[in-house]
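In what follows, chains are A, B, ... by sequence order, proteins preceding strands, each numbered from 1.
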Number of protein chains: 2
Amino acid sequence: MTETRKRDREATRAKLLEVARLRFAREGYDGTSVRDIARDSGVDPTLIFRYFGSKKRLFDEATATGEVPADLLDGPPEELVARMLRSVVFQDWSRYGGEHPLVAMLRSSAHEDTRQRIREEVCGTYVRALEELVDGPDKELRAELLSAWLVGIGILRSVVATPALATATSDDVAPYLAAVATSLLGRPMSGG
Amino acid sequence: MTETRKRDREATRAKLLEVARLRFAREGYDGTSVRDIARDSGVDPTLIFRYFGSKKRLFDEATATGEVPADLLDGPPEELVARMLRSVVFQDWSRYGGEHPLVAMLRSSAHEDTRQRIREEVCGTYVRALEELVDGPDKELRAELLSAWLVGIGILRSVVATPALATATSDDVAPYLAAVATSLLGRPMSGG
DNA sequence: CACTCAAGTCACCGTTCGATGACTTGAGGA
DNA sequence: TCCTCAAGTCATCGAACGGTGACTTGAGTG
């Protein structure tokens, strides 16, 4: 295993993106320098400008959310919230420093661009999907309240590292989640 | 009103702290320079080092959370959660750029110091107070789950600016909050 | 008035930042 | 073999960063 990855544009680009994802997630936009990313990638800093044009564009590409996880919308509706919990909070996000990309991006939320991208994904993916399940008035507000809870759990678990949540498993949380979701959505939800 | 506040150590210190609070909250630690703070304060940048020693110590002092709001722990227990909602989410936090200081500090959570201070306040103030109300097992986990919800609401409302929550009032949210709190704590809670 | 001492200012240090343009190196095809 | 063209490197820019020490200014006191 000689590890001679030299002179391979795509591999170098991919490596830069991988490292950028991790560092931007962990240290935020302002706390990460292009030299940091280049050093961790074993690459010359100026390649970043050749490949991405600017630090900002590297950030945008590195933190671009991929496709919506397909299995989120599949499966029984009464288990949607449980699936969201696993997808948002209890998945292996080690590529993003251990946090869901949305939570990681909050660290760069001093920049309006980033806030807007978070908003679009939260509203377009999570609120929209939950809204359809609401039985009763205030559909949007209820859906946002439930989304807020998922975001809050993700933050307290991985950023603040509150003792009980930091060590809890998906199965520990799911029952409480189901009860709350039932109450908020106005229809029975299951813990998955 | 001649606005000659010159040569007044305490007034200058206070002004620096006020501006620092706002900028650190809005732009985060890494996004704020001592020159920014000095310029907004109408003061020479080096005064910051004379008065506070370093940027870090200015940050610590500016973001130090004051006393726990006394009225949080007073009043009927069944309205505790409603009081917390008003105190955390729906208060006038314009001194901190419009967000609860804890939410604002999340923007600087790349630094472990900051994370630890957030943890101490969340656990020591909110989780602890809620824990005592829990009826049933998993006291700490349930209290953290409810705290997570308050944090999430604060974030979605002021940082992400999700449409329904951004325009909602305390009275719009309180009924849902009461229902969820009742379910999570295992005892009846009121919307305040 | 003259002195004093703290409040406030000035010039500048070394480092790091994002970014640029000219250069060198190396693999594949003729 | 040699030539080409893209991948990668080097030297360097101007600005901004946190921080320091020597200096100036101004209000209160004798």
Among C/dG18, C/dT9, D/dG18, the nucleotide that comes nearest once only the side chain of B/Lys55 is considered: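 Within the option list, the nearest is D/dG18.
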Of the listed nucleotides D/dC17, D/dT12, D/dG8, the one nearest the side chain of A/Arg35: D/dT12
Distance-only donor-acceptor test, A/Arg7 side-chain atoms vs D/dG8 base atoms, 3.5 Å: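 Under the 3.5 Å cut-off, the side chain and the base do not form any donor-acceptor pair.
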For [X] and [N], what is the distance between atoms [atom1] and [atom2] respectively, to the nearest whole Å?
X: B/Asp8; N: C/dG8; atom1: CG; atom2: P; value: 7 Å
X: B/Asp44; N: C/dA11; atom1: CG; atom2: P; value: 11 Å
X: B/Arg39; N: C/dT9; atom1: CZ; atom2: C1'; value: 17 Å
X: A/Leu16; N: C/dG18; atom1: CG; atom2: P; value: 14 Å
X: B/Glu10; N: D/dA27; atom1: CD; atom2: P; value: 18 Å
X: B/Glu27; N: D/dC17; atom1: CD; atom2: C1'; value: 16 Å
X: B/Leu58; N: D/dG19; atom1: CG; atom2: P; value: 10 Å
X: B/Asp30; N: C/dT16; atom1: CG; atom2: C1'; value: 13 Å

OP1 or OP2 of D/dA7 under 4.0 Å from side-chain N/O of A/Arg9: yes
OP1 or OP2 of D/dC17 under 4.0 Å from side-chain N/O of B/Ser33: yes
Check: [X]/[Y] side-chain N/O donor and acceptor closer than 3.5 Å:
X: A/Thr63; Y: A/Arg117; value: yes
X: B/Asp171; Y: B/Thr169; value: no
X: A/Glu112; Y: A/Gln116; value: no

Cation-pi, B/Phe49 ring and B/Lys55 (6.0 angstrom, 45 degrees):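 B/Lys55 over B/Phe49 ring: no.
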Salt-bridge present (B/Asp113, B/Lys56; N to O < 4.0 Å):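 Yes, B/Asp113 and B/Lys56 are salt-bridged.
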Stretch residues 45-53 of chain A: residues that reach within less than 4.0 Å of DNA chain C through a heavy atom: A/Thr46, A/Phe49
Evaluation steps, side chain to side chain donor-acceptor pair (under 3.5 Å), between A/Asp138 and B/Tyr176: CA-CA 10 Å; A/Asp138 292 337; B/Tyr176 299 111; 2.7 Å; yes
Set of residues satisfying salt bridge (charged side-chain N to carboxylate O under 4.0 Å, His left out) with respect to B/Glu99, sequence neighbours excluded: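 If we apply the salt bridge (charged side-chain N to carboxylate O under 4.0 Å, His left out) test to B/Glu99, skipping adjacent residues, the hits are B/Arg107.
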